[in-house]
Participant: 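Dropping the structure in here first, questions after.
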Amino acid sequence: VAVTSGSGSVTFDKTVPTLSSVSIASNNSTTTLAKVADVVTLTFTASETIATPVVTFQSGGAAIADTSITYTNTSGTTWTAAYTADGADTDGSVTYSIAFSDLASNAGVAVTSGSGSVTFDGSAPTLSSVSIASNNSTTTLAKVADVVTLTFTASETIATPVVTFQSGGAAIADTSITYTNTSGTTWTAAYTADGADTDGSVTYSVAFTDSTGNAGVAVTSGSGSVTFDKTAPTVSYVTGAENNGLFKEDDIVNISARFSETVTVSGAVPYLTLSVGSSYDVGYSSGSGTQYLNFVYTVQSGHTSADLDYVATSSLNLNGATITDAAGNTAILTLASPGATNSLGSTKNYVIDTTAPTVAITGNQGASGSTTAASSITLSIDVSETPTGLTASDLTYTSAGSGSGSFGSLTATGSSPEYTIVFTPASNDTYTFAMAGDVFTDAVGNNNTAASDFVWEYDNSVPTLSSVSIASNNSTTT
């Protein structure tokens with residue numbers, strides 16, 4: 001009798017299994033990218049129950065370094081195959097080939113494509129063409145309110161970078177840095193210099209990552225430089241080029257105001273107001289582009305000063321000009337108080353004297369116009385200041401008639417009157433004594449003015465009488 005049953009069973013299966021819903025993704029924040037240590041997962045569903053599949057991954061066309069692929073039958077006939085990207089993997093597209101068989105050992109056709117994609121990027125981005133500049137007219141300098149811009153180009157697409165700026169070694173006050181992807185992989189990072197920033201070199205550190213998340217090595221240098229300068233130049237002191245001394249009319253005194261740093265003059269002509277018996281403005285002459293601004297003072301008639309100085313702390317006047325440092329900071333023009341340390345009067349001792357010395361002639365025989373019979377007259381020569389070049393020959397005489405006489409020596413008295421000289425007449429006459437102008441000078445070189453004439457009449461003749469008569473007022477006069 002035919003037997004049709006017993007223990008066991010056999011099912012014939014010649015159907016080749018297939019895969020569907022094949023997809024690949026990374027656990028990177030951008031699932032189509034993977035960096036070192038990211039996990040790449042391939043997911044697929046078989047048409048029937050299959051044995052553990054074998055997936056061969058390649059990265060950039062080369063075998064992956066991590067061959068310890070993790071296979072998981074997540075549910076039913078759905079599987080995942082995952083590996084961890086390694087630093088030894090080759091940059092590029094991640095490809096795969098899935099070998100699989102059903103439980104009857106029917107081998108499916110290897111699957112090499114599906115949805116999704118992953119590109120491995122294990123290379124850190126780099127920056128090039130890194131440069132820094134200011135929008136100041138001098139791009140290597142920045143003052144308050146200037147914009148400092150850092151420009152750089154990445155080797156690949158990067159996320160918005162983070163730039164840390166410092167000024168003078170301290171954090172900048174304006175942390176609202178403006179980032180702009182100007183074109184392609186070129187970026188700028190800009191901030192506005194603030195009054196709270198520290199003077200000094202502007203430094204930076206650029207932190208950046210590519211789209212995959214690979215961090216580049218922070219960049220802290222490049223071309224260009226910017227120095228922040230918020231400090232206004234000030235006047236250190238006022239001085240002169242000439243040695244200490246005396247100055248008369250038409251003499252020249254070269255005066256200089258020294259600033260704390262190099263300054264530039266533009267727009268008009270500043271002036272310095274001097275105190276010379278009255279206020280006198282001296283125009284700026286040279287020095288722009290240095291620390292010294294120069295003023296050429298020509299002594300004028302009537303000027304006088306025992307110790308030349310300016311009028312006040314405000315005596316350096318812009319007069320419509322601008323005085324700035326290289327960064328564009330406007331100079332503070334306040335001067336030291338007149339006579340105080342760092343003033344012109346303190347640094348130099350310039351005596352301004354335009355007063356002509358005067359001379360007066362008197363005599364010991366009375367006032368000018370007197371008549372005496374003295375055999376000589378002692379004349380006193382009184383000068384207003386110590387003379388230079390005064391000699392006896394500078395005193396002259398004339399006579400109303402033909403009288404003559406002679407002078408003795410000019411004698412210095414050491415007091416006022418400063419000099420005496422004896423005139424001895426040879427005959428009776430009216431004598432006029434004079435001293436012309438410009439015959440001697442004072443210490444600074446001012447010529448004297450002429451003395452007023454002194455007149456003396458010499459008369460030693462004994463008087464005689466003539467036509468002596470007597471009469472009465474009687475009708476008979478005798």
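One is the number of the first residue; the rest follow in order along the sequence.
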Participant: Using a distance-only test with no angle check, is there a side-chain donor-acceptor pair under 3.5 angstrom linking Thr322 and Ser266?
Facilitator: yes
Participant: Is it true that Asp281 and Thr273 share a donor-acceptor pair across their side chains at a distance under 3.5 Å?
Facilitator: yes
Participant: As a test of understanding, state which of Thr239, Asn294, Thr347, Thr290 forms a side-chain hydrogen bond (donor to acceptor under 3.5 Å, both in side chains) with Ser256.
Facilitator: Asn294
Participant: Are any side-chain N or O atoms of Asp66 and backbone N or O atoms of Thr84, one a donor and one an acceptor, separated by less than 3.5 Å?
Facilitator: yes
Participant: Show, in sequence, the C-alpha distance, side-chain angles and deciding distance for Thr119 and Thr32, and conclude whether the side chain to side chain contact (heavy atoms under 4.5 Å, CB included) test is met.
Facilitator: CA-CA 6 Å; Thr119 298; Thr32 57; over 6 Å; no
Participant: Looking at CE of Met435 and CG of Asp438, how far apart are the two atoms once the value is rounded to the nearest 0.5 Å?
Facilitator: 12.5 Å
Participant: Treating Glu249 as the side-chain partner and Gln300 as the backbone partner, does any N or O pair qualify as donor plus acceptor under 3.5 Å?
Facilitator: no
Participant: Please assess Val148 against Ile132 for the test side chain to side chain contact (heavy atoms under 4.5 Å, CB included), listing each intermediate value before the final yes or no.
Facilitator: CA-CA 7 Å; Val148 178; Ile132 190 170; 3.8 Å; yes
Participant: Can you find a side-chain donor-acceptor pair between Thr441 and Asn446 that sits under 3.5 Å?
Facilitator: no
Participant: Does Phe208 form a side chain to side chain contact (heavy atoms under 4.5 Å, CB included) with Leu127? I'd like the steps, not just the answer.
Facilitator: CA-CA 9 Å; Phe208 58 102; Leu127 300 184; 3.5 Å; yes
Participant: Do Tyr284 side-chain atoms and Ser288 backbone N/O form a donor-acceptor pair below 3.5 Å?
Facilitator: yes
Participant: Determine yes or no for a side-chain-to-main-chain donor-acceptor pair under 3.5 angstrom, with Thr185 supplying the side chain and Ala154 the backbone.
Facilitator: yes
Participant: For a quick check under 3.5 Å, do Tyr458 and Asn460 share a side-chain donor-acceptor pair by atom type?
Facilitator: yes
Participant: Are side-chain heavy atoms of Ser236 and Phe259 found at a separation under 4.5 Å?
Facilitator: no
Participant: Going by the side-chain contact (heavy atoms from CB on, under 4.5 Å) test, name the single residue among Ser343, Ser315, Ser275, Ser346 that passes it with Asp309.
Facilitator: Ser343
Participant: Just wondering, more than 12 heavy atoms not from Asn243 lying within 6.0 Å of its CG?
Facilitator: no
Participant: Between Ser393 and Thr391, is any side-chain donor less than 3.5 angstrom from a side-chain acceptor?
Facilitator: yes
Participant: Any sub-3.5 Å donor-acceptor pair from Ser134's side-chain atoms to Asn136's backbone N or O?
Facilitator: yes
Participant: Taking it one step at a time, do Val238 and Ile255 satisfy side chain to side chain contact (heavy atoms under 4.5 Å, CB included)?
Facilitator: CA-CA 7 Å; Val238 179; Ile255 300 170; 3.7 Å; yes
Participant: Does any N or O in the side chain of Ser384 come within less than 3.5 Å of the main-chain N or O of Thr358, such that one atom is a donor and the other an acceptor?
Facilitator: yes
Participant: Could you tell me whether a side-chain N or O of Asp429 sits under 3.5 Å from a main-chain N or O of Gly401, the two making a donor and an acceptor?
Facilitator: yes
Participant: Hey, what do you get for CG (Asp89) to CG (Asp121), rounding to the nearest 0.5 Å?
Facilitator: 12.0 Å
Participant: For Asp307, does its backbone N or O pair with a side-chain atom of Ser305 as donor and acceptor, under 3.5 Å?
Facilitator: yes
Participant: Fit a plane to each ring of Tyr297 and His303, take the angle between them on a 0 to 90° scale, and name the class: parallel (under 30°), tilted (30 to 60°) or perpendicular (over 60°).
Facilitator: parallel
Participant: State whether the side chain of Thr413 and the backbone N or O of Glu418 hold a donor-acceptor pair below 3.5 Å, judged by distance alone.
Facilitator: yes
Participant: Among Asn428, Thr372, Thr371, which one satisfies side-chain hydrogen bond (donor to acceptor under 3.5 Å, both in side chains) with Glu457?
Facilitator: Thr371
Participant: Looking at Thr378, is its backbone amide N or carbonyl O close enough to the side chain of Asn364 to form a donor-acceptor pair, meaning the two atoms are under 3.5 Å apart?
Facilitator: yes
Participant: May I ask you to check whether Tyr271 and Phe295 place their ring centres under 6.0 Å from each other?
Facilitator: no
Participant: Between Thr186 and Thr153, does a side-chain hydrogen bond (donor to acceptor under 3.5 Å, both in side chains) hold up when you go through it step by step?
Facilitator: CA-CA 4 Å; Thr186 298; Thr153 299; 2.9 Å; yes
Participant: Side-chain donor-acceptor pair under 3.5 Å between Ser123 and Asp91, yes or no?
Facilitator: yes
Participant: Ring-plane angle category for Trp456 and Phe423, please: parallel below 30°, perpendicular beyond 60°, tilted otherwise.
Facilitator: perpendicular
